[in-house]
Student: 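Just passing along the structure, written as structure tokens.
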Amino acid sequence: MKPRKIKDNIYWMGFVDWDSRLFDSLIPLPDGTSYNAYLIEGSEKTVLLDAVEEELFYELEGQLENVAKLDYVVALHAEQDHSGCIPQILARYPEAKLITSPKAKGILIDLLQISEESFITVKDGETLSLGDKTLEFIHTPWVHWPETMVAYLKEDKMLFSCDFFGSHIATSDLFVVDEGRVYEAAKRYYAEIMMPFRNVIKKNLEKVAAYDIDLIAPGHGQIYPRPSFIIDAHKDWIDGSLKNKVVIPYVSMHHSTKKMVDFLVAALLEKGVNVEQFNLVVTDIGKLAIALVDAGTIVVGTPTVLAGPHPSAVYAAFLANALRPKTKFLSIIGSYGWGGKTVETLAGLIPNLKVEVLDPVLVKGSPKAADFKALENLAETIAKKHKEQGFA
Ligand code: FEO
């Protein structure tokens with residue numbers, strides 16, 4: 001793809017990845033993604049903001065064909081999807097300096113063996129004149145690595161945010177045209193990589209929201225012509241109240257746990273509590289992550305197998321613990337054949353979750369009348385707790 005003009009002397013470069021379905025060998029990409037780099041031609045200096053993976057250098061190299069001189073490369077974030085081909089870029093433009101935060105310098109030397117002499121490190125708030133344009137570097141740690149920063153182009157009121165405000169979508173649109181579609185993709189992105197750091201990100205959000213921004217140009221996904229859309233969405237995901245919603249990740253081997261889930265779901269709905277259930281054998285784990293962003297309660301459903309929870313339930317619990325959602329309540333339901341330590345094992349996997357654990361419902365064999373009554377009570381307790389908390 002050729003460079004795409006955003007404004008006079010400002011171009012999108014990079015790679016639209018329509019084909020990939022997994023990121024970092026971990027994160028589902030149902031809609032592909034894009035790796036965005038940006039070229040800014042000032043009256044005196046030319047700068048490339050971010051880059052692409054090492055193996056995609058050929059694409060960026062083609063886009064840089066008519067760029068005879070590059071004064072600076074800026075690495076806002078050291079992860080290789082944005083930095084991987086920087087060594088090749090520096091080899092092509094040996095006079096170019098690499099601008100990073102001080103922390104990113106060490107990480108990039110470790111990851112890519114870039115020579116120390118190539119670097120210029122910038123402090124929080126430091127500016128760089130390109131002649132008629134000025135870049136200001138704003139340190140925004142933990143979006144989502146410790147070294148991350150964003151760059152504000154003062155004269156054009158553009159914020160280059162790298163992973164911050166990103167979304168994984170491959171499209172031919174340069175700018176966001178369908179905010180509903182982007183909202184879901186950006187929420188998924190936030191849930192999967194940003195949510196654990198939301199307390200720091202909240203401060204970064206306040207920091208960047210103070211700038212007069214006309215366009216946000218992220219490292220993944222499309223450019224936001226209405227920055228308040230994505231800034232307000234992040235405010236809500238970080239600080240907004242929880243929803244009157246129970247998320248139920250579950251797995252069932254011989255239908256007993258499934259019967260319990262079905263009963264609990266029906267009881268919750270009767271009591272006015274919304275539900276999102278995810279069969280862990282088939283679910284898109286990113287959808288589960290999205291649901292966790294504002295879930296009032298999580299109920300894990302699992303059979304006992306090999307004396308503990310099903311491995312799929314273990315994975316879901318591990319993931320929830322790593323993502324640290326705001327969720328307030330948690331319970332466990334499921335069936336067992338003769339014994340085991342399902343509840344103890346699962347409870348031990350979620351030390352990061354600041355939740356009140358509601359009485360679990362574990363049944364021997366298939367659920368019977370007394371077990372359904374216990375599930376009814378669990379639904380009642382959840383409905384009461386949600387009401388007390390004001391979850392809407
Ligand atoms: Fe898009 Fe953290 O890299």
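Starting from 1, each residue takes its place in the sequence as its number. Every number for a ligand or one of its atoms is a count from 1 in the order of the listing.
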Student: Please list all pairs meeting side-chain hydrogen bond (donor to acceptor under 3.5 Å, both in side chains) that have one or both residues in residues 90-109, counting only residues at least two apart or in different chains.
Tutor: K105-E116
Student: Angle between ring planes, H168 versus Y189, binned at 30° and 60°: parallel, tilted or perpendicular?
Tutor: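 H168 and Y189: perpendicular rings.
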Student: When the side chains of residues 343-357 are checked against the rest of the protein, which donor-acceptor pairs come out under 3.5 Å, sequence neighbours left out?
Tutor:
unit_1: T345; atom_1: OG1; unit_2: K341; atom_2: O; d: 2.6
unit_1: N352; atom_1: ND2; unit_2: N321; atom_2: O; d: 3.1
unit_1: E356; atom_1: OE1; unit_2: K385; atom_2: NZ; d: 3.4
unit_1: E356; atom_1: OE2; unit_2: K385; atom_2: NZ; d: 2.8

Student: Side-chain donor-acceptor contacts of residues 365-374 below 3.5 Å, not counting sequence neighbours, with atom names and distances?
Tutor:
unit_1: K368; atom_1: NZ; unit_2: K364; atom_2: O; d: 2.9
unit_1: K368; atom_1: NZ; unit_2: S366; atom_2: O; d: 2.6
unit_1: D371; atom_1: OD2; unit_2: K368; atom_2: N; d: 2.7
unit_1: K373; atom_1: NZ; unit_2: N377; atom_2: OD1; d: 3.1

Student: Under a 3.5 Å distance rule, please check whether R324 uses its side chain to pair with a backbone N or O of R198 as donor and acceptor.
Tutor: no
Student: Taking atom 2 (Fe) of ligand 1 as the centre, count the protein N/O/S atoms lying under 2.8 Å from it.
Tutor: 4
Student: Nearest to atom 1 (Fe) of ligand 1, which N, O or S atom of H220 do we find?
Tutor: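 Result for H220 and atom 1 (Fe) of ligand 1: NE2.
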Student: Describe, in one word, how the ring planes of F329 and F391 are oriented to each other, choosing from parallel (under 30°), tilted (30 to 60°) and perpendicular (over 60°).
Tutor: tilted
